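Throughout, protein chains are lettered first and strands after them, A, B, ... in sequence-line order, and every chain is numbered starting at 1. What you see is a predicted model, and the numbers here were worked out from it, not measured in a lab.
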Amino acid sequence: MASLARLRLPHARLPLGVRAIQTTADTTQLHTPPSDHSQPFTVKLHEDSFRSHQCEKPELEVEVSKDQLLTMYRQMQTMRRMEMAADSLYKAKMIRGFCHLAIGQEAVSVGLEHGIERNDRVITAYRCHPFAVMRGGTIPGVLGELLGRQNGMSKGKGGSMHIFTPTFFGGNGIVGAQVPLGAGIAFAQKYSGEKSATFALYGDGASNQGQVFEAFNMAKLWDLPCVFICENNKYGMGTSAERSSSNTEYFTRGDKIPGIQVNGMDIIAVLQSVRYARKWAVEDQKGPLIMEFVTYRYGGHSMSDPGTTYRTREEVQRMRSTQDPIRGLQRYIEDWGLATEQELKQHDKEAKAEVDAAVEEAKASPFPTDEHLWTNIYQKGTEPPFMRGREREELHYY
Amino acid sequence: MYTTHLGHSCRFLRASCLNPISRRSATSAAEAPPAGGHLPSVATSNLLQVMRDAALRTPGITWADEDPSSPARNIVGGRETRKMNTYQAVRDAMSIALLKDDNAVVFGEDVAFGGVFRCTMGLAEEFGKERVFNTPLTEQGIVGFGIGMAMLGHTAIAEIQFADYIFPAFDQIVNEAAKIRYRSGGQYNVGGLTIRTPTMSVGHGGLYHSQSPEAFFMGASGLKIVIPRSPLQAKGLLLASIRDPNPVIFMEPKILYRSAVEQVPIDDFELPLGKAQVLQSGSDLTVLTWGTPVYHSESAIHMLSSPPPGLEQHIPNSLRGAKIELIDLRSILPWDVETVTESVNRTGRLVIVHEAGMTAGAGAEIAAEVQRRCFLKLNAPVKRVTAWDIPAALHYEKFLVPDSIRVVDAMIETLSY
C-alpha cells in the first residue's frame, strides 16, 4: 500500500487548462484609491482567488472599509495570541487532555464572522477556539475551558472541542459528526421561517466520513439553508489530502450541490466568498452550497503531534513566511495607507496584553466543585434517583 | 420455605417436559400447542385494560388538562376511551404531540406513507408534508439531523425503522445526544429529541429484524430508554418521552403493534418515566421484565399456579401456591432501582426476563445492583432468563426468545434453590 500511495503522490494534477487556486495572502490590489478613509472603498482580488463548480464565481471586486480591515487585523492577531497562549499553557502542563490549535487558519474564523450575520449559526469540529470567541465567546472563557476552570465557557466540564455560544453549536470532537447536526439546525431555521443560514465546518480529513455525504444529500433534497465549509489545511491528522482522498477538489464533492473553492489565506477573499454564500443560502434561497477554504495549519494536528513527520520543516516555513494571513493583511493596510507599521505594532501589543490578562484570569478561576460532577447529565428534576460516583461506595442521590 | 424441593431443578424440567410436548405435537395435530409454545395469546392477557373505567384509573396517569399539583381526583367522568392496538395508540400520541406543539415534526424512513408498522398512518395528510416527512435511508444522518433540530429547541420525533438499524446512529446517540448537555455545561440540550424504533422479536424476523439492543445504550448517561408493554402504556409513555427534557429512545415491541389491544383514553395524558409498575403483588418471588416478555411471564405465573395437563407432573404442588410479584420495568435507563430493590428485599428472589442476549444484557446490570443492595435478603441467586448469546437466526427464533416454559422453569429453580 505504501508503494501504491507513493505512486500517486506526485500530486493529483489538475487537468490541462484548469488553473490552480492560489493561496498567497497579499495579492489583492487596491481598485479605487480611497479619497477619504472613513468611506468604504473597493479592492480587487487576484483572479485565481476562487474556483467554482456548477455555479458562478464570486466577484473579484470587494468593498471593504478601513475600520473593518483594522478590526480583522486586530482579531486575527488576538486569535493567534490566544492559540499561542494555549500552546504555552499546554506545554506547562496546565492544560491537560486534547488541544488542537488553529494557528495559520485565522483568516477563516475571522473572515467568516465578518461575512455572516449575528443570527446565523455556526458549527465546527475540534479546531474551534477562534470560532467560539468570534461568535460571542470570550478569551478568558475559552482559556478557562481549556484549563478546566469554572470560568470556562462550558463551566470547565467540556474542555477543548466543547465550547458553545447561543449561535455557535460547538466544537465537536467526533470527526464529521457535526455535519448532519448542521443540516438539522438549518432545517429548524427554515421551518421557523428565519432569515438565516447555518455554516457547518469540517476538515479535509472529515470530508471522507460517510455521514458528511448523508448530510449533503438531505440538505440538497430539502433545500436547506446550509453552507458546508471544508477547511482544507491539507492534512487530516498526519495524512495529506492526496493520500486520503480520491478527489481532493473538496468543493466538487457535493454531487448536485454547487461549490466554490476559496483562497483561505487572504481574508478579503474569505470575506467575499462568505458574503456570496450567505446571499446564496438566505437571500436567494438556493439551498445548500459547499465551500472549500484552502488554508494551512502551522502546528501539528494536536499538541502531541510535532507536525513535521509527514511534511517538511521547509514547507511549514515557506507557508509561514510567504502566505501568512496576518502578514498579508498587514501589508494591505500599510500599502493602502490605512495605518502605519507603528500603529499596527500598537494593535499587536494590545492583543498580547488582552490575552495575557485572559490567561491570568483563567488561571485564577477555581476548578469546578465536586457537586458539578453530577449536574447537566439529565435535566434538573428528571434525573435517575442516584448516580454512581468515583468510588465503590460513593453514590450521588439527586 | 421451598428448600425441600431441590430436586426440581431446571435440568429436570427441561429434559422431561419439553420432549413430551414436541413428541405430542409431532404425532397429534389436534393437541399441538400454539405456535411459539404454551403462550396464551396476548389478547387474553389480564394485564390489558379492556374496561373504560380501569383504563382511566391507570396508576401514575397524569392528564395534560389537569394541574398536577392539585389534589388527586378519583372522578373520571367526562373522559372517553377507545379500543386501540399499539400502533394506533402510538399514532394517537404523535398526533397529539403534533397538534399541541407547532415545532414538532415526525420523520424517518417511509413515515409519510404510514411507516412499515402503520404507526404514522395518515399523519402526513393531517399535519402536512412539512411536518411528517420521509428521510433517505440514512440512520446516522436521521439522528444527527434530529439532534441539530433539537438543539434549536424544536421537537424532533425520529423513527429508526427497526431497532436493528440503529447501530449506524450509535455514535450520534452516544457521543452527541447523550453528552451535549454535559459537555456544553448546560448551555445546550437535545431534550426535544425522541427516537422511536420497533424492537424485540416478531416470530420470524431473523437476524436483522428481531434484536433487542436496549442494553447497548445503558452506559450512555444523559439518555433515557423506554419500552412500553401495551397500547395504553405506549401512548402515555410516548407522550412523556416526547416532552421529557432529555433525549429518549422509545423502543416499541413490534409483535405487540397489532396483537395487544386495549381501551386507551383519548385525551392527552402521560405516564411517568423512570418508574417501574408492579403488575401483580406477591411475597415469594419477583419477576422483573419489560416489553413482550411481560406476557410470557404472566402466563408462566399462571402455569405455576395452575399448570396445564402436560406440565402438571413437573410443577411441584408445594410451589403452586407461591405468590409471585410481577414488575414491568418500563424505563430501562434510568431504571427504577427503588421499586425493584424494595420488592426483592421483600421476596428474597428475583428472576429477570428479557429478550436480549444474556451477556451484558440489561439484566446483568440489574442483577449486579440487586445483589449489592439486597445481598443479605436474597434466598437464591438472581436468575436471568434471556435469549442465548447467538445471533437472532430466523429458524431458531422460537428457541431464542424466553418463553413461558423457560420462565416457569426459572421460577421453579429459584423458588426451590
Side-chain angles (χ1 to χ4, degrees), chain A residues 121 123 145 152-159 161-166 169-174 176-189 191-192 194 198 200 209-211 213-215 217-219 221-222 368 372 375-388 392, chain B residues 102-103 105 107 130-131 133-154 156 168-169 171-172 174-176 178-193 221-224 244-246 273-274 331 333-338 369 372:
Chain A
R121 311 300 202 284
I123 184 166
E145 193 56 44
M153 287 168 67
S154 297
K155 300 176 189 159
K157 300 177 81 163
M161 319 194 255
H162 308 289
I163 311 181
F164 304 78
T165 76
F169 290 72
N172 283 271
I174 304 296
Q178 74 279 10
V179 183
L181 269 63
I185 296 166
F187 176 86
Q189 286 171 308
Y191 186 88
S192 310
E194 272 187 39
T198 293
Q209 279 275 341
Q211 58 181 329
F213 296 93
E214 297 186 25
N217 178 52
M218 286 190 285
L221 184 67
W222 299 323
H372 287 292
T375 56
N376 304 131
I377 300 172
Y378 291 93
Q379 168 82 1
K380 204 171 165 49
T382 67
E383 304 98 340
F386 71 94
M387 298 282 274
R388 292 196 181 116
R392 197 177 52 157
Chain B
D102 283 342
N103 278 329
V105 296
F107 54 94
E130 307 78 31
R131 299 186 65 197
F133 52 91
N134 291 337
T135 62
L137 312 186
T138 172
E139 286 78 13
Q140 189 174 22
I142 291 170
V143 174
F145 178 82
I147 292 169
M149 277 186 67
M151 282 176 88
L152 271 195
H154 288 232
D171 170 65
Q172 285 288 356
V174 173
N175 273 326
E176 302 291 332
K179 295 180 174 61
I180 185 68
R181 188 192 302 275
Y182 199 84
R183 71 191 192 87
S184 68
Q187 284 179 82
Y188 279 105
N189 70 79
V190 291
L193 175 68
S221 295
L223 271 188
K224 293 191 175 183
D244 189 87
N246 305 287
L273 304 190
S331 287
L333 182 72
W335 62 282
D336 189 350
V337 188
E338 305 303 329
E369 189 63 22
R372 195 183 76 86

Colleague: Please classify the contact between B:Asp336 and chain A as side chain, backbone, both or neither, with a heavy-atom cut-off of under 4.5 Å.
Modeller: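 For B:Asp336, there is no contact with chain A at all, as no heavy atom is under 4.5 Å.
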Colleague: Between A:Lys157 and A:Thr375 (side chain of the first, backbone of the second, donor and acceptor by atom type, cut-off under 3.5 Å), is there such a pair?
Modeller: yes
Colleague: Name the member of B:Pro136, B:Gly186, B:Ser221, B:Ser184 that forms the most heavy-atom pairs with chain A at distances under 4.5 Å.
Modeller: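 So the answer, after comparing B:Pro136, B:Gly186, B:Ser221, B:Ser184, is B:Ser184.
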Colleague: What's the separation between atom CZ in B:Arg183 and atom OG in A:Ser154, rounded to the nearest 0.5 Å?
Modeller: 8.0 Å
Colleague: Counting N and O atoms only, with roles assigned by atom type, does the side chain of A:Tyr191 sit under 3.5 Å from a partner on the main chain of A:Ala186, one being a donor and the other an acceptor?
Modeller: no
Colleague: So what's closer than 4.5 Å to chain A heavy atoms on B:Val105: side chain, backbone, both or neither?
Modeller: side chain
Colleague: Examine whether an atom of A:Phe213 lies under 4.5 Å from a heavy atom of chain B, and if so say whether it belongs to the side chain, the backbone or both; otherwise answer neither.
Modeller: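 Neither part; nothing is under 4.5 Å.
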Colleague: So for B:Gln140, is it side chain, backbone, both, or neither that comes closer than 4.5 Å to the heavy atoms of chain A?
Modeller: both
Colleague: Only pairs of heavy atoms separated by less than 4.5 Å count here; which of A:Gly170, A:Pro166, A:Gly159, A:Gly182 has the most with chain B?
Modeller: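 Option with the top pair count is A:Pro166.
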Colleague: Go through the atoms of B:Ile142 and report whether side chain, backbone, both or neither lie under 4.5 Å from a heavy atom of chain A.
Modeller: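 Contact with chain A involves the backbone of B:Ile142 alone.
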Colleague: Please check: side-chain N/O of B:Glu139 versus main-chain N/O of B:Ala169, any donor-acceptor pairing under 3.5 Å?
Modeller: no
Colleague: May I ask you to name which of B:Glu176, B:Glu338, B:Glu130 has the most heavy-atom pairs under 4.5 Å with chain A?
Modeller: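 Winner by heavy-atom pair count: B:Glu176.
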Colleague: How about A:Trp222 and B:Phe145: are their ring centroids closer than 6.0 Å?
Modeller: yes
Colleague: Give, as side chain, backbone, both or neither, the part of B:Ser331 having an atom under 4.5 angstrom from any heavy atom of chain A.
Modeller: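 Looking at B:Ser331, nothing touches chain A.
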Colleague: What part of A:Met161 lies closer than 4.5 angstrom to a heavy atom of chain B: side chain, backbone, both or neither?
Modeller: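 Backbone of A:Met161 only, per the 4.5 Å heavy-atom cut-off to chain B.
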Colleague: Taking the side chain as C-beta and beyond, is there a heavy-atom pair between A:Phe169 and B:Leu152 under 4.5 Å?
Modeller: yes
Colleague: Tell me, out of A:Asn172, A:Ile123, A:Asn217, A:Ile163, who's got the most heavy-atom pairs with chain B below 4.5 Å.
Modeller: A:Asn172
Colleague: Roughly how far, to the nearest 0.5 Å, is CG of B:Leu273 from NZ of B:Lys224?
Modeller: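 Separation between the atoms: 5.5 Å.
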Colleague: Only counting residues at least two apart or in another chain, list the ones meeting ring pair (Phe, Tyr, Trp, His ring centres under 6.0 Å) with A:His162.
Modeller: none
Colleague: Any idea which of B:Asp244, B:Val337, B:Asn189 has the most non-hydrogen atom pairs under 4.5 angstrom with chain A?
Modeller: B:Val337
Colleague: Ignoring hydrogens and angles, write down the donor-acceptor pairs under 3.5 Å from the side chains of residues 377-384 of chain A, residues two or more places apart or on other chains.
Modeller:
{"from": "A:Tyr378", "atom 1": "OH", "to": "B:Gly222", "atom 2": "N", "distance (Å)": "3.2"}
{"from": "A:Tyr378", "atom 1": "OH", "to": "B:Leu223", "atom 2": "O", "distance (Å)": "2.5"}
{"from": "A:Gln379", "atom 1": "OE1", "to": "B:Arg181", "atom 2": "NH1", "distance (Å)": "2.9"}
{"from": "A:Thr382", "atom 1": "OG1", "to": "A:Gln379", "atom 2": "O", "distance (Å)": "2.7"}
{"from": "A:Thr382", "atom 1": "OG1", "to": "B:Asn246", "atom 2": "ND2", "distance (Å)": "2.7"}
{"from": "A:Glu383", "atom 1": "OE1", "to": "A:Gly381", "atom 2": "N", "distance (Å)": "3.0"}
{"from": "A:Glu383", "atom 1": "OE2", "to": "A:Gly381", "atom 2": "N", "distance (Å)": "3.4"}

Colleague: For A:Gln189, is it the side chain, the backbone, both, or neither that has a heavy atom closer than 4.5 Å to a heavy atom of chain B?
Modeller: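 For A:Gln189, heavy atoms of backbone and side chain both lie under 4.5 Å from chain B.
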Colleague: In terms of heavy-atom pairs under 4.5 Å with chain B, which of A:Ala177, A:Gly158, A:Ala183, A:Gly156 leads?
Modeller: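 The option with the most such pairs is A:Ala177.
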